[in-house]
Protein chains: 2
Amino acid sequence: MLSKKSQYAFKALAYLTEKYNQGPVLISEISKKKKVPLKFLENILLELKKADILDSKKGKGGGYFLKKDPAKVKVATIIRLVNGPIAMLPCVSLYFYERCKNCDEKKCGLHDMMIEVRDASLAILENRTLKDLAL
Amino acid sequence: MLSKKSQYAFKALAYLTEKYNQGPVLISEISKKKKVPLKFLENILLELKKADILDSKKGKGGGYFLKKDPAKVKVATIIRLVNGPIAMLPCVSLYFYERCKNCDEKKCGLHDMMIEVRDASLAILENRTLKDLAL
DNA sequence: TGATTCCCTACCAAGCTGGTAGACTTAAAG
DNA sequence: CTTTAAGTCTACCAGCTTGGTAGGGAATCA
């Protein structure tokens with residue numbers, strides 16, 4: 001399951017996508033409109049900025065805004081960033097791979113099954129962008 | 001990601017599938033062969049018994065064994081039992097559904113996307129059984 | 001009755017989740 | 001050049017979950 005943090009991140013990103021190219025948006029505005037706890041949202045947006053998804057401006061007239069075209073930011077990227085691995089097992093994760101001990105990957109039925117699940121999920125998540133979040 | 005508990009459960013179930021119809025198997029044997037901590041494994045097997053997946057016999061010659069034909073126990077069932085929801089959001093879960101507040105499901109892009117992901121995953125997990133776990 | 005095996009209750013450390021508090025820095029407006 | 005509006009940073013916290021461990025009780029078989 002996606003964490004609350006991830007869900008909040010998507011809400012905020014959906015809002016910023018609506019406001020794309022309309023200048024900086026206040027944290028407090030996003031917080032109010034999307035019903036996300038203000039201080040928690042601060043942390044999330046900052047993290048997204050450090051990850052180069054968002055950019056910000058300080059002082060009056062400041063706020064957060066998308067750094068790139070929302071149609072070019074994949075949903076899969078955001079999930080990996082905020083939530084972690086998409087795969088169900090470390091040994092089938094593309095970006096967070098870890099060998100599983102005491103288990104030969106070449107003859108592990110679960111392993112193969114989870115690769116299928118991963119690929120089925122990625123087929124969707126790698127081909128959807130922030131633009132698809134807005135209604 | 002699947003918890004350690006889930007991974008241990010699948011290892012144990014894979015072993016019991018191999019030994020299907022060969023009488024009870026000792027917890028300690030499963031623990032040794034599959035390298036799962038003994039006491040933790042006890043808890044897991046007991047839970048699987050209470051969920052009607054396994055059955056057990058006490059005393060000498062006792063142990064655990066599958067209650068049903070392994071070809072009839074779906075992987076999805078085990079995941080839901082030991083790990084919880086398969087869906088990425090409560091509002092798209094079939095077995096653990098919870099309405100998401102402050103979010104209209106009918107016009108939520110994330111919602112629709114996560115339904116697709118769920119269905120893609122279930123297409124696999126609902127059609128694989130314990131039998132597919134063995135090599 | 002005594003050994004064997006599962007069953008049950010209780011406990012625990014560490015880390016994660018979902019936050020909150022408050023001071024600090026930067027930048028624009030006046 | 002000061003005020004004020006923003007984002008930034010560090011720190012903290014309660015409660016829950018994860019991944020176990022300990023030890024005795026209860027059933028079964030010889």
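Just so you know, these numbers use all the heavy atoms, side chains as well, and skip hydrogens, waters and symmetry mates. Chain naming here is simple, since letters A, B, ... match the order of the sequence lines and numbering starts at 1 in each.
Here the C1' atom of nucleotide C:dC6 and the NZ atom of B:Lys49 are 8 Å apart, to the nearest Å. Going from atom CD of A:Glu47 over to atom P of D:dC9 covers 13 Å, rounded to whole Å. We find that NZ of A:Lys11 is positioned 13 Å from P of C:dG18, with the value rounded to whole Å. What separates CG of B:Asn83 from C1' of D:dT17 is a distance of 12 Å, to the nearest Å. Here the P atom of nucleotide D:dT18 and the CE atom of B:Met1 are 13 Å apart, to the nearest Å. Taking atom CG on B:Leu38 and atom C1' on C:dT5, their separation rounds to 11 Å, with Å as the unit. Atom NZ in B:Lys67 sits roughly 17 Å away from atom P in C:dC6 (whole-Å rounding). Distance, A:Ile44 CD1 to C:dG18 P: 9 Å, rounded to whole Å.
Applying the 6.0 Å contact sphere to NZ of B:Lys131 captures no more than 12 heavy atoms from other residues, nucleotides or ligands. The number of heavy-atom neighbours closer than 6.0 Å to OH of B:Tyr95, taken from other residues, nucleotides and ligands shown, is 12 or below.
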For nucleotides 3-6 of chain D, list the nitrogen or oxygen atoms of the protein found under 3.5 Å from its nitrogen or oxygen atoms, one pair per line.
none

N/O to N/O distances under 3.5 Å, protein versus nucleotides 8-17 of chain C:
residue, atom, partner, partner atom, Å
C:dC8, N4, B:Glu42, OE1, 3.3

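For the pair B:Glu126 and B:Arg80, the salt-bridge criterion is met [side-chain N within less than 4.0 Å of a carboxylate O].
A heavy-atom distance below 4.5 Å is not found between the side chains of B:Leu125 and B:Lys74. Residues A:His111 and A:Cys91 form a side-chain contact, since some pair of their non-hydrogen atoms from C-beta on lies under 4.5 Å apart. Under the 4.5 Å side-chain criterion, counting only non-hydrogen atoms from C-beta, A:Phe10 is in contact with A:Leu133. Contact check for B:Thr17 versus B:Val73: no side-chain heavy atoms found under the 4.5 Å cut-off. Side-chain contact between A:Ser3 and A:Ser6 is present, with at least one heavy-atom pair separated by less than 4.5 Å.
Contact annotation: A:Tyr8 reaches the phosphate of C:dG19 (side-chain N/O to OP1 or OP2, under 4.0 Å).
A distance of 3.5 Å separates OH of A:Tyr15 from CD of A:Glu29, quoted to the nearest 0.5 Å.
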